[in-house]
Each structure stands twice: as structure tokens, then as C-alpha cells.
Amino acid sequence: MADEHSATDPGAALRAQFRGPLPPAVMALPPADALDLADALRTARRRQARHLGEATEESLGQLPRLLRPLVRRAIGL
């Protein structure tokens with residue numbers, strides 16, 4: 001799912017994914033390649049978030065049940 005800026009401004013889509021200034025080599029990419037890169041970064045971030053969530057749940061599963069809610073609260077889940 002692309003954001004509304006990606007179709008009109010590949011630079012905006014990339015800045016949103018890089019979360020900072022873009023390197024000169026990235027700024028020089030053709031628009032189609034820039035959009036592909038933004039999409040790949042967005043996909044990678046989603047996959048990373050999913051894996052981190054799964055790892056967190058697996059780690060919490062190692063704790064005694066009585067401690068799990070306390071640890072969840074302490075780490076902001």
C-alpha cells in the first residue's frame with residue numbers, strides 16, 4: 001500500500017522511508033527506481049516489525065505467566 005505522496009513525488013516517498021536526508025546517490029535515481037526502492041524499504045520495515053513482534057511474544061512466553069503482564073506494561077506493550 002503506497003502512501004499518497006509516492007505516486008506524485010518519489011523523493012517524498014523515499015524521505016518517509018529513510019526518515020532523514022537522502023544520500024546523493026538515492027536522489028539521482030530515476031523516479032520509477034526511487035518508487036521501487038521506497039516500496040522495498042516499506043516492505044522491509046513491515047517484515048522487520050512483524051519479526052520483532054514475534055520475537056517479543058516468544059520471549060515473553062519464556063516468563064512465568066504472572067510476570068508477563070508486568071513485563072508487557074514495563075516495555076510498553
Nearest-0.5 Å distance, CZ of residue Arg45 to CG of residue Leu52: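 It is 12.0 Å, given to the nearest 0.5 Å.
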
Hydrophobic cluster membership, Ile75 vs Leu63, 4.5 Å side-chain cutoff: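 Ile75 clusters together with Leu63.
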
Transitive ILVMFWY cluster of Met27, excluding itself - 4.5 Å side-chain cut-off: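 Members besides Met27, by chain and number: Leu14, Phe18, Leu22, Val26, Leu29, Leu37, Leu41.
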
Pairwise side chain to side chain donor-acceptor pair (under 3.5 Å) hits with a residue in residues 47-72, at least two apart: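 Listed by first then second residue: Glu57-Arg72.
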
Leu70 atom CG, over 12 foreign heavy atoms within 6.0 Å: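 Enclosed.
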
Pairwise salt bridge (Lys or Arg N to Asp or Glu O under 4.0 Å) hits with a residue in residues 14-24, at least two apart: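 Found Asp9-Arg15.
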
